[in-house]
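Note that the structure is predicted; figures quoted are calculated from it, not measured. Hydrogens, waters and symmetry mates are skipped; everything else that's a heavy atom, side chains included, is used. Count residues from 1 along the sequence.
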Amino acid sequence: MMRCNPVPEVTRPSEKILSLADLALRLAEVQGETVFTNGCFDLLHVGHTRYLQAARGLGDRLVVGINSDASVRTLKGPTRPILPENERAELLASLACVDYVVIFSEPTADKLLSALRPAIYAKGGDYSADTLPESSTVRAYGGEISIVPFVPGRSTTDIVARIQTL
């Protein structure tokens, strides 16, 4: 008689999107190294997915902080975000390489980093450890900063500019 392996349990994207308080409790219950990254993730593109996959490879789980709609407007201007925060969170949570998503309203991820204290803070190659606004926070609790290679020519700003020329 042939036996089939059970179908692996699939986590719904909505179950991966947590408040900061719930995420801190969840992470306190698990072993291993947490990798954290953050950004606007306004239009998901191949630069994002390559970056997130590389970040996930640095540890045992990947937590992604996404800027709220209000903070994206502050950072990128009044015409952004293109997609609302709940949709951006759901898109990221649907990726296999992303374990948890949290939305934040502050201009930097310092509050999240202080609360979660991930072993590794990953950012894209358009930054350096010295230009990250969160560097002092990560260093203060003993975390590591990892710069993931940037995918040239792949940015939301570039995609928007291209669409506007069509």
Side-chain angles (χ1 to χ4, degrees), residues 6-72 74-75 81 83-151 156:
V7 175
E9 185 175 321
V10 175
T11 303
R12 288 176 170 70
S14 61
E15 295 171 359
K16 293 180 171 184
I17 304 167
L18 302 174
S19 68
L20 177 56
D22 289 342
L23 181 56
L25 289 172
R26 180 82 47 94
L27 293 179
E29 298 172 349
V30 296
Q31 299 292 317
E33 290 192 329
T34 297
V35 179
F36 178 87
T37 193
N38 64 283
C40 298
F41 299 99
D42 198 2
L43 281 180
L44 196 58
H45 54 74
V46 73
H48 288 140
T49 59
R50 290 177 186 169
Y51 158 69
L52 292 169
Q53 289 168 351
R56 176 60 177 82
L58 298 171
D60 298 301
R61 75 199 52 79
L62 177 61
V63 175
V64 180
I66 67 162
N67 293 80
S68 69
D69 291 347
S71 66
V72 172
T74 299
L75 292 168
L83 299 176
E85 62 193 43
N86 292 335
E87 290 181 20
R88 291 183 284 126
E90 185 176 339
L91 283 167
L92 288 169
S94 70
L95 299 175
C97 61
V98 174
D99 295 287
Y100 300 106
V101 176
V102 60
I103 300 170
F104 69 100
S105 298
E106 296 77 22
T108 69
D110 287 307
K111 179 180 173 182
L112 295 175
L113 291 163
S114 293
L116 302 175
R117 302 172 63 93
I120 301 164
Y121 180 43
K123 286 297 281 186
D126 47 341
Y127 289 94
S128 72
D130 295 327
T131 62
L132 282 173
E134 299 88 354
S135 289
S136 61
T137 299
V138 175
R139 290 182 178 128
Y141 71 75
E144 176 186 332
I145 297 169
S146 181
I147 304 300
V148 176
F150 181 70
V151 180
T156 300

Which residues share a side chain to side chain donor-acceptor pair (under 3.5 Å) with [X], sequence neighbours left out:
X: S114; value: none
X: S136; value: none
X: E85; value: none

Over 60° means perpendicular and under 30° means parallel, so classify the ring planes of H48 and F41, tilted if in between.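 Rings of F41 and H48: tilted, 30 to 60°.
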On a heavy-atom basis, which atom in [X] and which in [Y] lie closest, and how many Å separate them?
X: N67; Y: C40; value: OD1-N, 3.5 Å
X: S146; Y: L58; value: OG-CD1, 3.4 Å
X: A122; Y: V148; value: CB-CG2, 4.1 Å

How about [X] and [Y]: do any of their side-chain heavy atoms sit closer than 4.5 Å?
X: P118; Y: L113; result: yes
X: K123; Y: N38; result: yes
X: L20; Y: K111; result: yes
X: L91; Y: L83; result: yes
X: L52; Y: L92; result: yes

Distance-only donor-acceptor pairs under 3.5 Å for side chains of residues 102-109, two or more places apart:
unit_1: T108; atom_1: OG1; unit_2: D110; atom_2: N; d: 3.4
unit_1: T108; atom_1: OG1; unit_2: D110; atom_2: OD2; d: 2.7

Taking only residues two or more places apart in sequence, or in another chain, which ones meet [X] in a side chain to side chain contact (heavy atoms under 4.5 Å, CB included)?
X: P84; value: D69, E87
X: R56; value: L62, C97, D99
X: A129; value: R139, I145
X: S94; value: P13

Evaluate side-chain contact (heavy atoms from CB on, under 4.5 Å) for V138 paired with L132, printing each intermediate quantity in order. CA-CA 10 Å; V138 175; L132 282 173; over 6 Å; no
Run the salt bridge (charged side-chain N to carboxylate O under 4.0 Å, His left out) test against R50 and tell me which residues pass, sequence neighbours left out.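 Applying salt bridge (charged side-chain N to carboxylate O under 4.0 Å, His left out) to R50 gives none.
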Going from [atom1] on [X] to [atom2] on [Y], what distance comes out if it is rounded to the nearest 0.5 angstrom?
X: N86; Y: I66; atom1: CG; atom2: CD1; result: 7.5 Å
X: L23; Y: K16; atom1: CG; atom2: NZ; result: 13.0 Å
X: L116; Y: Y141; atom1: CG; atom2: OH; result: 8.5 Å

Under 3.5 Å, which donor-acceptor pairs do the side chains of residues 24-34 form with other protein atoms, sequence neighbours left out?
unit_1: T34; atom_1: OG1; unit_2: R61; atom_2: NH1; d: 2.8

Please answer whether the main-chain N or O of T131 pairs with a side-chain N or O of S135 as donor and acceptor at a distance below 3.5 Å.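 Such a contact is absent between S135 side chain and T131 backbone.
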For Y100, what residues pass the ring pair (Phe, Tyr, Trp, His ring centres under 6.0 Å) criterion, not counting sequence neighbours?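 Ring pair (Phe, Tyr, Trp, His ring centres under 6.0 Å) list for Y100, sorted by chain: empty.
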